[in-house]
Q: 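The structure's right below; bear with me while I get my questions together.
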2 protein chains.
Amino acid sequence: MLSYKESHTLILNNVSRFIDLTELEKQKYISLLSEIKVKKKGFLMQAGEVTQYEYFISKGCLKVYTLDEDGAPHISMFAIEDYWTGDISSFMTKEPSRYYIKATENSELLGISRANYDVLFQEIPKFEKFYRILYQRSLISYIRRSNHGISFTAEERYINFKKKYPQIVKRITQKDLAAYIGITPEFMSKIITKVNRK
Amino acid sequence: MLSYKESHTLILNNVSRFIDLTELEKQKYISLLSEIKVKKKGFLMQAGEVTQYEYFISKGCLKVYTLDEDGAPHISMFAIEDYWTGDISSFMTKEPSRYYIKATENSELLGISRANYDVLFQEIPKFEKFYRILYQRSLISYIRRSNHGISFTAEERYINFKKKYPQIVKRITQKDLAAYIGITPEFMSKIITKVNRK
DNA sequence: TAAAAGTCTTAAACTAGTTCATTTTTTTTC
DNA sequence: GAAAAAAAATGAACTAGTTTAAGACTTTTA
């Protein structure tokens with residue numbers, strides 16, 4: 001029985017939630033991953049590039065966002081330890097991404113390249129199941145979120161986010177939270193003042 | 001070479017976009033499906049029930065929606081021929097659904113039950129790949145849509161929807177479109193008048 | 001550790017979208 | 001094919017969220 005470095009243990013635990021791997025498969029899987037570090041304010045990728053990796057975060061915090069025609073950011077997700085991130089659309093189609101991924105803390109990631117993603121399915125077909133379930137679960141939460149944005153007021157969306165992701169709220173700026181909730185930083189400030197007053 | 005009924009040809013074509021099945025596998029797959037008909041205004045399922053099936057629409061049009069505390073509907077998708085629908089969350093967790101699915105036209109569907117979904121993966125593991133890709137693609141469009149709702153004005157959302165789904169716009173009421181876009185029917189009416197005037 | 005840059009707060013004037021009420025038009029039903 | 005029901009249009013008064021601008025507070029950087 002080998003012993004793994006911290007980041008590898010973390011990703012193997014993540015994978016083992018949905019599928020069981022033999023020791024050999026674990027080693028094979030890890031051999032397909034690259035280690036990546038990004039400093040705070042550094043970019044993991046920028047709009048216009050074709051995504052090279054899907055990422056697993058072993059340490060840190062990142063934001064995934066687009067810029068609209070006015071240059072205003074719209075954050076689509078915050079990713080912290082034990083989360084997966086990237087631009088699955090660009091990763092699959094090999095077309096240029098519209099997203100930026102920027103570290104809001106010094107971060108460490110494991111990445112699987114597009115080529116190795118294909119190798120993975122050939123060598124360990126079980127990973128079809130892993131990704132089937134991973135995408136299924138992400139899909140459930142995005143279906144919910146896509147209704148959320150149009151069905152709730154900004155104040156309700158803030159309260160829900162804070163309840164669901166208390167650890168994340170503490171690690172990000174109010175301004176970034178506003179860009180995620182879909183309002184101006186000024187209105188975010190008003191909401192927080194109002195909610196705390198209660 | 002067998003010949004299949006229309007709905008079966010349609011679903012086999014859909015599946016064959018992502019995986020290749022042998023003749024035997026096709027027959028096995030079809031044996032796991034149930035045929036379902038719903039009349040216009042009829043419910044395929046209602047909130048509070050545990051979802052029994054995932055559905056493929058071979059004919060007709062349906063809307064998937066929740067009701068908020070005020071009883072106002074929020075439509076999360078319209079499903080027409082060659083689309084998949086259901087409540088994937090309730091289907092997987094076996095918890096009661098919060099969704100209603102109602103036919104807006106007389107419709108015909110093929111359903112796979114939760115039990116047969118598990119059998120399917122055991123007997124034809126290739127379907128892990130099919131669902132991996134199906135969920136991946138749905139995920140891409142829901143990620144996009146979840147930003148959409150908070151990043152664009154109602155008028156922009158309407159224009160985008162009309163451009164992307166011109167066939168659907170023609171088949172649904174303005175009121176239902178409003179419940180999808182996330183605005184009141186009155187404001188939807190104003191937007192349409194304004195956009196057509198241009 | 002001082003200066004610079006970025007974040008947060010507050011407030012006044014504005015705009016997108018809601019609510020409520022009424023009338024007209026279209027669709028459904030018997 | 002007439003009556004009933006539902007959908008669409010219109011308008012006036014309202015509310016949630018934006019814009020712009022300025023000052024206070026915090027964090028980053030040299």
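Order of the sequence lines sets the chain letters (A, B, ...), proteins ahead of strands, with each chain counted from 1.
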Q: According to the interplanar angle, ranging from 0 to 90°, do the rings of Y131(A) and W84(A) count as parallel (below 30°), tilted (30 to 60°) or perpendicular (above 60°)?
A: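 Aromatic pair Y131(A)/W84(A) classed perpendicular.
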Q: So which one's nearest nucleotide on DNA chain D is more toward 5', E186(A) or I192(B)?
A: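 The 5'-side residue here is I192(B).
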Q: Could you tell me the separation between the CD atom of Q174(B) and the C1' atom of dT10(D), rounded to a whole number of Å?
A: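 Result: 13 Å.
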Q: What is the distance from CZ of F152(B) to C1' of dT18(D), rounded to the nearest Å?
A: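 Rounded to the whole Å, the gap is 17 Å.
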Q: Under 4.0 Å: is that the gap between some side-chain N or O of K41(A) and OP1 or OP2 of dT28(D)?
A: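 For K41(A), the contact criterion (side-chain N or O under 4.0 Å from OP1 or OP2 of dT28(D)) is not met.
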Q: Under 4.0 Å from OP1 or OP2 of dT10(D): is there any side-chain N or O of S189(B) that close?
A: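 For dT10(D), neither OP1 nor OP2 has a side-chain N or O of S189(B) closer than 4.0 Å.
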Q: Is it the case that the side chain of R157(A) and the backbone of F152(A) share a donor-acceptor pair, with hydrogens and angles ignored and the cut-off at 3.5 Å?
A: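 Yes, the answer is positive, given that a donor and an acceptor are paired below the 3.5 Å cut-off.
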Q: Within this structure, what is the NZ-to-P distance between K190(B) and dG11(D), rounded to whole angstrom?
A: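 That distance rounds to 9 Å.
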Q: Tell me the interatomic distance from N196(B), atom CG, to dT10(D), atom P, rounded to whole angstroms.
A: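 Computing the N196(B):CG to dT10(D):P distance gives 11 Å.
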Q: Return whichever of K40(B) or G182(B) has its heavy-atom-nearest nucleotide of DNA chain C closer to the 5' end.
A: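 Closest to the 5' end, via its nearest nucleotide, is G182(B).
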Q: In this structure, is the centre-to-centre distance between the rings of Y180(A) and F161(A) below 6.0 Å?
A: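 Close enough - the centres of the two rings lie under 6.0 Å apart.
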Q: Are Y135(A) and Q136(B) close enough that a side-chain donor and a side-chain acceptor fall under 3.5 Å?
A: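 Yes, because at least one side-chain N or O of Y135(A) sits under 3.5 Å from a partner of the opposite role on Q136(B).
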Q: Report the distance from atom NZ of K63(B) to atom C1' of dA7(D), rounded to the nearest whole Å.
A: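 Whole-Å distance recorded here is 12 Å.
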Q: In a check of side chain to side chain contact (heavy atoms under 4.5 Å, CB included) between E155(A) and each of I192(A), I191(A), I183(A), which one passes?
A: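 Answer after filtering I192(A), I191(A), I183(A): I191(A).
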Q: To the nearest 0.5 Å, how far apart are CD in E128(B) and CZ in R132(A)?
A: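 One finds 4.0 Å between CD of E128(B) and CZ of R132(A).
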Q: Looking across every strand, which nucleic acid part, if any, lies under 4.0 Å from T184(B) by heavy atom: base, sugar-phosphate, or nothing?
A: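 Contact class for T184(B): base.
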Q: How about F91(A) and Y117(A): are their ring centroids closer than 6.0 Å?
A: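 That pair passes the under 6.0 Å test.
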Q: Which whole-number value in Å describes the distance from I191(B) CD1 to dA9(D) C1'?
A: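 For the pair I191(B) CD1 and dA9(D) C1', the rounded distance is 14 Å.
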Q: Walk along DNA chain C from 5' to 3' and tell me the first and last nucleotide with an atom closer than 4.0 Å to a non-hydrogen atom of chain A.
A: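 So the contact region on DNA chain C extends dT7(C) to dA12(C).
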